[in-house]
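Following: one structure in structure tokens, then a few remarks.
Numbered from 1 within each chain, the chains take letters A, B, ... in sequence-line order.
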Protein chains: 2
Amino acid sequence: MTKRSPSPEAVSAWARLMRVSRQLVEKTEDALKAGGLPPLAWYDVLHELAEAGESGLRPFELIDRVLLAQYGVSRLLARLEAEGLVEKLPVSDDGRGQTVRITPNGRDMRRRIWAVYGTSIAELMGDRLSAEELKALAALLARLRHPPVGT
Amino acid sequence: MTKRSPSPEAVSAWARLMRVSRQLVEKTEDALKAGGLPPLAWYDVLHELAEAGESGLRPFELIDRVLLAQYGVSRLLARLEAEGLVEKLPVSDDGRGQTVRITPNGRDMRRRIWAVYGTSIAELMGDRLSAEELKALAALLARLRHPPVGT
DNA sequence: TCTATGTAGATGCAAATGCATTTATATGGA
DNA sequence: TCCATATAAATGCATTTGCATCTACATAGA
């Protein structure tokens, strides 16, 4: 067990990051609930599927995009399908898999969620930092990505 | 329903923040699991209680500090008590309440979690950004706090 | 004092999550 | 061709979470 001590700067940046991200998520989830809308994870999936267009996506492709475990994707898709927001299609060249496509109702739900979600982002981020600061923040956060981009 | 559209900068900073914070949490939770240690939330509580010292804390004081719901604190404390990591004491001037204090075993567990947690912070943050960048990141994040500090 | 209201904390029940495993199909050798 | 191994997706079961409520005590006002 190799113990390394983080610098004080690393610790306080970490603490802020943990705290702020949770607060922002909580605020946004609250706003969605208040609007009678489903959780953020639903939006993430609907968003990816909307971007993917008519050809849809395979469930395993969603795993990395929405940062859910395989069983999480499986169950979330089952709920979305039950609500008529997505449809599952067999895929011709792989009998194990399926392709998931967003339905018109799904697109509509995505829009309705975005009305609240986008407002939340505008209030929580856009109103607090300038465009330059937002870019600087995004750039710093990008350096923390996992796995690290590049080499 | 007043819809506002967030700027592209706000959206990408938001996306990065959501993604990176989740990745970092996941990496750290994985490291804890790999070490046979309890989740981050346990650390948070043990840390607060360790800082509070012999006088301990009331459960309701933990709610805001660790960003858990009231029932979350109640149940987490029950688990910690069952593990002998904290103890609950009646409080003299309020028959409804209790004071929670960390035990020696709790302090020990906190240290063991920190050995892994601290290493994780060092690798995930300290190795990727300089001290100045970390300070800049923390400062930007501080501006996103909720509720906003000051006026 | 009595009553109404407020606050601290716990908990029953339903829903969501994590973990391990299962089912079904694919693929790359021997 | 047959088998061993790998991959896609689903699921049983235990744990955790969320929501609503409940119990117990506190406090302020009539």
Side-chain angles (χ1 to χ4, degrees), chain A residues 22 25-45 48-49 52 55-83 86-101, chain B residues 22 25-45 48-49 52 55-83 86-101:
Chain A
R22 288 178 60 186
V25 168
E26 194 186 345
K27 284 263 170 207
T28 303
E29 294 279 15
D30 285 352
L32 290 173
K33 268 175 222 156
L37 294 166
L40 279 181
W42 287 40
Y43 180 85
D44 290 344
V45 169
E48 292 298 332
L49 291 178
S55 57
L57 285 177
R58 301 283 300 268
F60 71 85
E61 295 179 290
L62 280 166
I63 293 175
D64 15 315
R65 305 195 193 206
V66 302
L67 297 185
L68 282 181
Q70 179 268 321
Y71 55 81
V73 169
S74 175
R75 292 203 261 228
L76 179 44
L77 288 175
R79 279 172 233 154
L80 292 173
E81 187 186 29
E83 298 288 329
V86 307
E87 55 190 350
K88 296 180 175 177
L89 311 162
V91 50
S92 52
D93 61 338
D94 188 340
R96 297 167 299 182
Q98 51 193 324
T99 289
V100 183
R101 190 164 46 183
Chain B
R22 289 177 59 185
V25 168
E26 194 185 346
K27 284 264 170 208
T28 304
E29 294 278 15
D30 286 352
L32 291 173
K33 267 175 223 156
L37 293 166
L40 280 181
W42 288 40
Y43 180 84
D44 290 344
V45 168
E48 293 298 333
L49 291 177
S55 56
L57 285 177
R58 302 283 301 267
F60 71 85
E61 297 179 289
L62 280 166
I63 293 175
D64 15 315
R65 305 195 194 205
V66 302
L67 298 184
L68 281 181
Q70 180 268 323
Y71 56 80
V73 169
S74 175
R75 292 203 261 228
L76 179 44
L77 289 175
R79 280 172 229 155
L80 293 172
E81 186 186 30
E83 298 288 329
V86 307
E87 55 190 350
K88 296 180 175 177
L89 312 163
V91 50
S92 52
D93 61 339
D94 188 340
R96 295 166 300 181
Q98 52 193 313
T99 290
V100 183
R101 189 162 51 184

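The residue among A:G95 and B:Y71 whose nearest nucleotide of DNA chain C lies closer to the 5′ end is B:Y71. Across the interface with DNA chain D, nearest-nucleotide mapping of A:D94 and B:R75 shows A:D94 to be the residue nearer the 5′ end. Between A:D93 and B:P59, the one whose closest nucleotide on DNA chain C sits nearer the 5' end is B:P59.
Residues meeting the side-chain hydrogen bond (donor to acceptor under 3.5 Å, both in side chains) test with B:R58, sequence neighbours left out: none. The side-chain hydrogen bond (donor to acceptor under 3.5 Å, both in side chains) check on B:R22 picks up nothing, with sequence neighbours excluded. With sequence neighbours left out, the salt bridge (charged side-chain N to carboxylate O under 4.0 Å, His left out) criterion links A:E83 to no other residue.
Of the residues in residues 27-39 of chain A, not one places a heavy atom less than 4.0 Å from an atom of DNA chain C. Across residues 63-70 of chain A, not one residue has a non-hydrogen atom less than 4.0 Å from an atom of DNA chain C.
Within the structure, side-chain hydrogen bond (donor to acceptor under 3.5 Å, both in side chains) contacts touching residues 86-95 of chain B (residues at least two apart or in different chains) are B:E87-B:R101, B:D94-B:R96.
Look at A:K88 and you'll find a side-chain N or O under 4.0 angstrom from OP1 or OP2 of D:dA10.
Each of D:dA8, C:dA10, D:dT11 was ranked by its minimum atom distance to the side chain of B:S74; first place goes to C:dA10.
Rounded to whole angstrom, the span from the CG atom of B:L89 across to the C1' atom of C:dG9 amounts to 15 Å. In this structure, A:L80 atom CG and D:dA10 atom P are separated by 12 Å, rounded to whole Å. Per the geometry, CG belonging to A:L57 stands 11 Å off P belonging to D:dA9, to the nearest Å. Atom CZ of A:R79 and atom P of D:dA10 are 13 Å apart (whole Å). For the pair A:L77 CG and C:dA16 P, the computed distance is 14 Å after rounding to whole Å. The distance from atom CD of B:Q98 to atom P of D:dT23 is 18 Å, rounded to the nearest whole Å. In this structure, A:W42 atom CH2 and C:dA15 atom P are separated by 13 Å, rounded to whole Å. For B:L62 and C:dA10, the CG to P distance is 12 Å, given to the nearest whole Å.
Rounding to the nearest 0.5 Å places CG of B:L37 at 12.0 Å from OH of B:Y43.
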Would you be so kind as to tabulate the donor-acceptor pairs closer than 3.5 Å made by side chains of residues 27-35 of chain B, with sequence neighbours excluded?
residue, atom, partner, partner atom, Å
B:T28, OG1, B:L24, O, 2.9
B:T28, OG1, B:S120, OG, 2.9
B:E29, OE1, B:L40, N, 3.4

Please set out all donor-acceptor pairs under 3.5 angstrom arising from side-chain atoms of residues 65-82 of chain A, sequence neighbours excluded.
residue, atom, partner, partner atom, Å
A:R65, NE, A:E61, O, 3.4

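The shortest side-chain heavy-atom distance between A:T99 and A:S55 does not fall under the 4.5 Å cut-off.
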For nucleotides 3-6 of chain D, give me every protein contact, N/O to N/O, under 3.5 Å, one pair per line with atom names.
none

